[in-house]
Amino acid sequence: MKASFTVFNSKKIRYYTEGHASHCVVLLHGFLESSLIWEDFSAVFSKSYKVICVDLAGHGESESLAEVNSMNLMADAVVSVLREEKVKSAIVLGHSMGGYVALALADRYSEFCKGIVLLNSTVFADSEEKKADRLRAIRVLEMNPRVFISEAIPNLFAKQNLHLFIEEIELIKKLALLTSTQGAAACLRGMREREDKRSVLSKGRFPVMVLAGKYDNVVPEEKSKEMFESGTRVQGVILTNSGHMSFIEERDACIHHLSDFFKEVFSIPDNR
């Protein structure tokens with residue numbers, strides 16, 4: 001992947017590109033991750049598409065944008081990358097927090113959106129209980145980032161898979177430790193304040209794929225199935241042997257479903 005950067009609101013945004021095709025796929029990572037998680041996926045999809053991977057605010061080599069890195073603000077930054085790369089429309093895929101950003105982008109900049117993929121992500125806003133959990137997470141993170149990361153990352157995997165992905169878990173921990181505490185806390189505040197985005201699915205302006213893990217502790221299976229019924233252009237898949245990290249736990253299955261979705265979407269004339 002080729003590294004580049006743009007400036008948005010006087011802040012540096014790092015992104016990576018691979019491939020030179022006319023059709024574009026944007027990959028957005030989740031909380032405490034970076035664009036480096038997409039190296040395998042970029043290598044596969046860049047054979048057919050231009051792939052852009054963006055380090056979201058406060059993650060990877062991108063600077064934090066504000067005290068609250070709202071999903072709308074991060075979507076604005078992603079669109080600045082698309083403009084920098086002269087991309088007129090793309091399929092936007094987001095893992096977890098990246099999915100929240102993809103939804104904000106689709107809602108605010110539908111002209112840039114050919115389709116979206118929510119990978120282990122959700123359209124639903126935080127419940128009051130979840131909002132309280134976010135505040136507790138900020139306190140723990142600010143007190144001891146290493147302890148927070150050490151406990152949080154393994155819980156994202158299905159229990160039966162923990163012994164299978166020991167190296168991957170350690171690598172994700174190392175990537176997470178590179179995330180600034182300030183940037184991570186700002187993103188937790190942004191996720192806490194995000195709005196319900198069910199209307200993005202129900203309006204049916206473009207195709208949507210929801211890829212969910214059966215053992216996901218962050219996005220319960222029943223919530224994912226509820227999203228499947230939220231719009232006529234929504235496709236839903238339950239991956240039966242993964243938790244919240246399906247792109248690692250069921251990599252090949254994810255690539256298979258995404259490949260089919262990308263081919264389908266890019267063959268649809270855009271008559272909006």
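- Take Glu193 and apply the salt bridge (Lys or Arg N to Asp or Glu O under 4.0 Å) test, not counting sequence neighbours, and it matches no residue.
- In this structure Phe41 satisfies the ring pair (Phe, Tyr, Trp, His ring centres under 6.0 Å) test together with Trp38, sequence neighbours excluded.
- The side chain to side chain donor-acceptor pair (under 3.5 Å) contacts involving residues 146-161 comprise Gln160-Asn241, Asn161-Glu249, where partners must be two or more places apart or lie in separate chains.
- For His23, the ring pair (Phe, Tyr, Trp, His ring centres under 6.0 Å) partners are Phe266, not counting sequence neighbours.
- Thr6 pairs with exactly one of Lys12, Glu84, Arg14, Lys11 by the side-chain hydrogen bond (donor to acceptor under 3.5 Å, both in side chains) rule, that one being Glu84.
- Here His29 pairs with nothing under the side-chain hydrogen bond (donor to acceptor under 3.5 Å, both in side chains) rule; sequence neighbours left out.
- Here Arg189 pairs with nothing under the side-chain hydrogen bond (donor to acceptor under 3.5 Å, both in side chains) rule; sequence neighbours left out.
- For Lys225, the side-chain hydrogen bond (donor to acceptor under 3.5 Å, both in side chains) test picks out Glu221, with sequence neighbours left out.
- Looking at Met209 and Ile91, their side chains never come closer than 4.5 Å, going by heavy atoms from C-beta outward.
- With sequence neighbours excluded, the residues forming a side-chain hydrogen bond (donor to acceptor under 3.5 Å, both in side chains) with Glu85 are Tyr15, Lys50, listed by chain and number.
- Looking at Thr122 and Tyr100, their side chains come closer than 4.5 Å, going by heavy atoms from C-beta outward.
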Please determine whether side-chain contact (heavy atoms from CB on, under 4.5 Å) holds for the pair Val92 and Phe206, giving the CA-CA distance in whole Å, both sets of side-chain angles, and the decisive distance to 0.1 Å. CA-CA 11 Å; Val92 185; Phe206 32 71; over 6 Å; no
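- A donor-acceptor contact under 3.5 angstrom links the side chains of Asp55 and Ser35, judged on distance only.
- Among pairs with a residue in residues 118-142, none fulfils ring pair (Phe, Tyr, Trp, His ring centres under 6.0 Å), at least two apart in sequence or across chains.
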Please output the side-chain donor-acceptor pairs of residues 64-83 that fall under 3.5 Å, not counting sequence neighbours, one pair per line with the distance.
unit_1: Ser64; atom_1: OG; unit_2: Asn69; atom_2: ND2; d: 2.9
unit_1: Asn69; atom_1: OD1; unit_2: Leu65; atom_2: N; d: 3.1
unit_1: Asn69; atom_1: OD1; unit_2: Ala66; atom_2: N; d: 3.2
unit_1: Ser70; atom_1: OG; unit_2: Leu73; atom_2: N; d: 3.0
unit_1: Asp76; atom_1: OD1; unit_2: Arg108; atom_2: NE; d: 3.3
unit_1: Asp76; atom_1: OD1; unit_2: Arg108; atom_2: NH2; d: 3.0
unit_1: Asp76; atom_1: OD1; unit_2: Tyr109; atom_2: OH; d: 2.6
unit_1: Asp76; atom_1: OD2; unit_2: Arg108; atom_2: NH2; d: 3.2
unit_1: Ser80; atom_1: OG; unit_2: Ala77; atom_2: O; d: 2.5

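- Atoms NE2 and CG, on His95 and Asn120 in that order, are 4.0 Å from each other to the nearest 0.5 Å.
- Not a single side chain to side chain contact (heavy atoms under 4.5 Å, CB included) links Asn217 to another residue, sequence neighbours left out.
- Glu39 is linked by a salt bridge (Lys or Arg N to Asp or Glu O under 4.0 Å) to nothing, counting only residues two or more places apart in sequence or in another chain.
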